[in-house]
Amino acid sequence: MRARLAVAAAAAVILGLTACNANPSPSAEATTAAQKGGTLRILSSASEFNLDPAKSQTLAITSGGLVLRRLTTWDISPGKPPAVVADLATDTGTTTDGGKTWTFTLKDGLTYPDGSPITTKDIKYGLERSFAPELGGGLGYHKALLAGGDTYEGPYDGQSLDSIATPDDRTITFTLKNAYGDWPWIASMPAFAPVPQAKDNPAEYGRSPVASGPYQITSYTAGSEAVLERNPAWKQETDPVRTAGPDKIIFQLGQDTTVAAQRLVADSGDDRFAFGANFVPPAQLAQAQANPAVKDRIVTSSPGALAYLAINTKKITDVRVRQALAYAADKRAYQVASGGEIGGGLATTLITPGIPGRVEYDLFPADPSGDVEKAKALLTEAGQTAPKLTLLARSDGQWSSQAQALQQGFARAGIEVTIRTEEYESWFEHVTSGERDDWDLTLTSWQPDFPSANGNIQPLFASSEIGGGGFNLSRYSVPEVDQLIAQATAEVDPAKSQALWAQADRRILQDVPVVPLIYTKNSFLRGSNVENFYIGEFPAYPNYLKASLKQ
């Protein structure tokens, strides 16, 4: 949950951009053959660089994917839907019992930098250590899915997890509690990277993990930089997605995002061979777009994360009142408060653009500024012509101004909204603990951890995700929907599961536990000598694995 929120929160940072035209959508013409050589610099505001696969929340296509391969990974290319592909494994997994048991076979000839073989026992050990309490915080979908995972606490006391079997060094089999059709996507997460037990030091491993990808960490200075250089054991012919263009990659840490963007706009010296890992701040984005020499170096994503208004269904129990909120919401004002069209496109569904199987529809058709008269009629029908509601908003970023934009829209329909703000940590505990329901509405955004509608729907609307840190902020609990989620989760046929998720999307919105507002967009800057720097249809972040330098 922390990881998913981290992604969602990161996506939300973009909600402050000034209105201007987005770049054209990425296209296949935007790429070229990756040239080898040079030093790529990645400017990041992060002060730490820790790639421990048990603790990592990195996407498959960003920093972690440069050093660590997994059983499967993501194939992200311009103009193409995201795909799960084999990485260390020979395929994306096979199941003979409808998705409850999955088997993978490692490719032949895979080794670590010291020449020792990569084995399935290392992958099993890596997964087992992710259950250890001292290594918490990473993406943990597998922990809830593997049989016995609910009581297992890692290998450091000598215990093993029997639901992960390694009959030989190249075969690994997973036994799940229930059938799970998206397991090939789960196998692409950081914890599925191999960790040799003999090299494990839980306190330090993330600073210098044993490489299985094209690069290894050769030096690290906390708060300053991490240097990656080529892993001589990596073989291009075994890797379908990484091009490994630069000879060296330097992460420059602790960078002020405004200063970093100014450096990239100036495009001088080593910065010509650099890109920014953070969203471009509004002032620098406006500056860059106004300068023809810089504009082409802005990369803007397609609509990604869903920004939405969550309605506390425990407090607002009459669906007609929730429908009134959907009609009264001034999405246009929210969009303007979010930076205009480059901040995101108007949203009507729960499954975000770029997710296979997504169906576009609108259950509450209205002008982007809302349908006030329709909202008033619904309130009259519900006998609540002047409801008074509390909107709990974060105090950082643009959340307050976005809340005010909605507040003014709701007032037109006679809905009095009081805004209460809290710091991020307080807000997060408040809305996810499930213990304090002294609010009616809250604002947030969400981008799934993997490109399946499963990642859109289950975490936000399954009854199991209410409270305890879960992100079902609306406290939405409908047995019919839970059953539909379980059915879609277990379906191994992609076409059938996508149809079920689309059905769930529409069914949930009939109850209006949330009001979709916009699908957010992210913008990044690159230096003039950086090539193959693009954002695919999913996720709304650049693909580090393909970036290369002009020679």
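Numbers for residues simply follow the sequence, beginning at 1.
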Report summary line: Interatomic distance, CD@Q216 vs CD@E229, rounded to 0.5 Å, equals 8.0 Å
Query raised in the report: Under the 3.5 angstrom rule, does the side chain of Q255 hit a backbone N or O of L253 as a donor-acceptor pair?
Result: yes
Query raised in the report: Checking side chain to side chain contact (heavy atoms under 4.5 Å, CB included) for the pair E537/K80: CA distance, chi angles, key distance, verdict?
Result: CA-CA 7 Å; E537 293 184 10; K80 297 181 180 178; 5.6 Å; no
Requested in this report: Using a cut-off of 6.0 Å, state whether more than 12 heavy atoms not belonging to K496 lie near its atom NZ.
Outcome: no
Query raised in the report: Is the closest side-chain donor-acceptor distance between N231 and Y112 under 3.5 Å?
Result: no
Report task. Could you tell me whether a side-chain N or O of S130 sits under 3.5 Å from a main-chain N or O of A191, the two making a donor and an acceptor? Result -> no
Requested in this report: Mind running side chain to side chain contact (heavy atoms under 4.5 Å, CB included) on E491 and L500 for me, showing each step along the way?
Outcome: CA-CA 9 Å; E491 179 56 60; L500 288 167; 4.3 Å; yes
Report summary line: For I76 and K546, the nearest pair of non-hydrogen atoms, with its separation, is O-CE, 4.3 Å
Query raised in the report: Which pair of heavy atoms, one from A244 and one from P214, lies closest together, and at what distance?
Result: CB-CB, 3.7 Å
Report task. Please say whether more than 12 non-hydrogen atoms of neighbouring residues, nucleotides or ligands are located less than 6.0 Å from CD in E48. Result -> no
Report task. List in chain and number order the residues that pass salt bridge (charged side-chain N to carboxylate O under 4.0 Å, His left out) with D247, two or more places apart in sequence or in another chain; answer none if no residue qualifies. Result -> R230
Query raised in the report: Under 6.0 Å from the NZ atom of K36, do we count more than 12 heavy atoms belonging to anything else shown?
Result: yes
Requested in this report: With rounding to the nearest 0.5 Å, note down the distance linking CD1 in I250 to CD1 in I42.
Outcome: 10.5 Å
Query - Ring center gap for W446 and F471 short of 6.0 angstrom - result: yes
Query raised in the report: N522 and A540: which non-hydrogen atoms are nearest, and at how many Å?
Result: ND2-O, 2.7 Å
Report task. Assess the side chains of T103 and T173: does a donor N or O sit below 3.5 Å from an acceptor N or O? Result -> yes
Query raised in the report: Just checking, is any N or O donor in the side chain of N456 or T352 under 3.5 Å from an acceptor N or O on the other one?
Result: yes
Report task. Please test D449 against M189 for side chain to side chain contact (heavy atoms under 4.5 Å, CB included), starting from the C-alpha separation and ending with a verdict. Result -> CA-CA 9 Å; D449 288 324; M189 295 187 173; 4.2 Å; yes
Query raised in the report: Going by atom types only, do T257 and N278 share a side-chain donor-acceptor pair under 3.5 Å?
Result: no
Report task. Measure the spacing between CD1 of I172 and NZ of K121 and express it to the nearest 0.5 Å. Result -> 9.5 Å
Query raised in the report: Do S45 and D256 have side-chain heavy atoms sitting under 4.5 Å apart?
Result: no
Requested in this report: Output, in order, the C-alpha distance, side-chain angles, deciding distance and verdict of salt bridge (Lys or Arg N to Asp or Glu O under 4.0 Å) for D87 and R242.
Outcome: CA-CA 10 Å; D87 195 355; R242 297 168 182 81; 3.0 Å; yes
**Report entry** Side chain to side chain, Y534 and S77, heavy atoms closer than 4.5 Å
**Finding:** yes
Query raised in the report: Does a donor on one side chain and an acceptor on the other come within less than 3.5 Å for T238 and R69?
Result: yes
**Report entry** Charged tip of R129 within 45° of Y205 ring normal and under 6.0 Å
**Finding:** yes
Report summary line: ring pair (Phe, Tyr, Trp, His ring centres under 6.0 Å) with F538: of Y519, W185, W74, only one passes, and it is W74
Query raised in the report: Going through the distances and angles, do D200 and Y156 end up as a side chain to side chain donor-acceptor pair (under 3.5 Å)?
Result: CA-CA 10 Å; D200 184 20; Y156 297 125; 2.7 Å; yes
Requested in this report: Could you tell me whether a side-chain N or O of T95 sits under 3.5 Å from a main-chain N or O of T101, the two making a donor and an acceptor?
Outcome: yes
Requested in this report: For E360 and R358, indicate whether the former's side chain and the latter's backbone hold a donor-acceptor pair under 3.5 Å.
Outcome: no
Query raised in the report: For Y180 and H142, what are the C-alpha separation, side-chain angles and deciding distance, and is it a ring pair (Phe, Tyr, Trp, His ring centres under 6.0 Å)?
Result: CA-CA 11 Å; Y180 193 82; H142 59 284; over 10 Å; no
Query - Q551 side chain vs G37 backbone, donor-acceptor pair below 3.5 Å - result: yes
Requested in this report: Given side chain to side chain contact (heavy atoms under 4.5 Å, CB included), test V84 with D75 step by step and report yes or no.
Outcome: CA-CA 6 Å; V84 61; D75 185 5; over 6 Å; no
Requested in this report: Could you verify whether a donor N or O on one side chain and an acceptor N or O on the other, from D505 and Y361, lie under 3.5 Å apart?
Outcome: yes
Query raised in the report: If we only count heavy atoms from C-beta on, is the F174 to L161 side-chain gap below 4.5 Å?
Result: no
Query raised in the report: So, S338 versus Q402: side-chain donor-acceptor pair below 3.5 Å or not?
Result: yes
Query - Test item: N532 and T243 side chains (from C-beta on) under 4.5 Å apart, heavy atoms - result: no
Report summary line: Separation between CD1 (I518) and OH (Y334), nearest 0.5 Å, reads 5.5 Å
Query raised in the report: To the nearest 0.5 Å, what is the distance between OH (Y544) and OG1 (T62)?
Result: 6.0 Å
Report summary line: On a heavy-atom basis, the closest approach of S63 and T58 is OG-CG2, 3.5 Å
Query raised in the report: Does D114 pair with K199 as a salt bridge, N-O distance under 4.0 Å?
Result: yes
Query raised in the report: Are the side chains of L228 and F49 in touch, meaning some heavy atoms are under 4.5 Å apart?
Result: yes
Report task. Would you check if L443 and L517 make a side-chain contact, meaning some heavy-atom pair closer than 4.5 Å? Result -> yes
Query raised in the report: What's the shortest heavy-atom distance between P539 and L59, and which atoms?
Result: CG-CD1, 3.8 Å
Query raised in the report: From F524 CZ over to F279 CZ, what is the distance, rounded to the nearest 0.5 angstrom?
Result: 5.0 Å
Requested in this report: Answer whether the closest heavy-atom distance between the side chains of R170 and T119 falls below 4.5 Å.
Outcome: no
Query - pair L40-K248: side-chain heavy atoms closer than 4.5 Å - result: no
Report summary line: Heavy-atom nearest pair, P246 first then Y215, reads O-OH, 2.6 Å
Query raised in the report: Does the side chain of T300 come under 3.5 Å of the side chain of S523 through a donor N or O and an acceptor N or O?
Result: yes
Side-chain donor-acceptor contacts of residues 264-274 below 3.5 Å, not counting sequence neighbours, with atom names and distances?
| unit_1 | atom_1 | unit_2 | atom_2 | d |
| --- | --- | --- | --- | --- |
| D267 | OD1 | S528 | N | 3.0 |
| D267 | OD1 | S528 | OG | 3.4 |
| D267 | OD2 | S528 | OG | 2.7 |
| D271 | OD1 | R263 | NE | 3.4 |
| D271 | OD1 | R263 | NH2 | 2.8 |
| D271 | OD2 | R263 | NE | 3.1 |
| R272 | NE | G269 | O | 3.1 |

**Report entry** Steps toward ring pair (Phe, Tyr, Trp, His ring centres under 6.0 Å) verdict (W102, F192)
**Finding:** CA-CA 14 Å; W102 289 88; F192 286 76; over 10 Å; no
Report task. Please confirm whether the backbone N or O of E134 pairs with a side-chain atom of K55, one donor and one acceptor, at under 3.5 Å? Result -> no
Report summary line: Only one of T166, V195, L106 passes side chain to side chain contact (heavy atoms under 4.5 Å, CB included) with I123, and that residue is L106
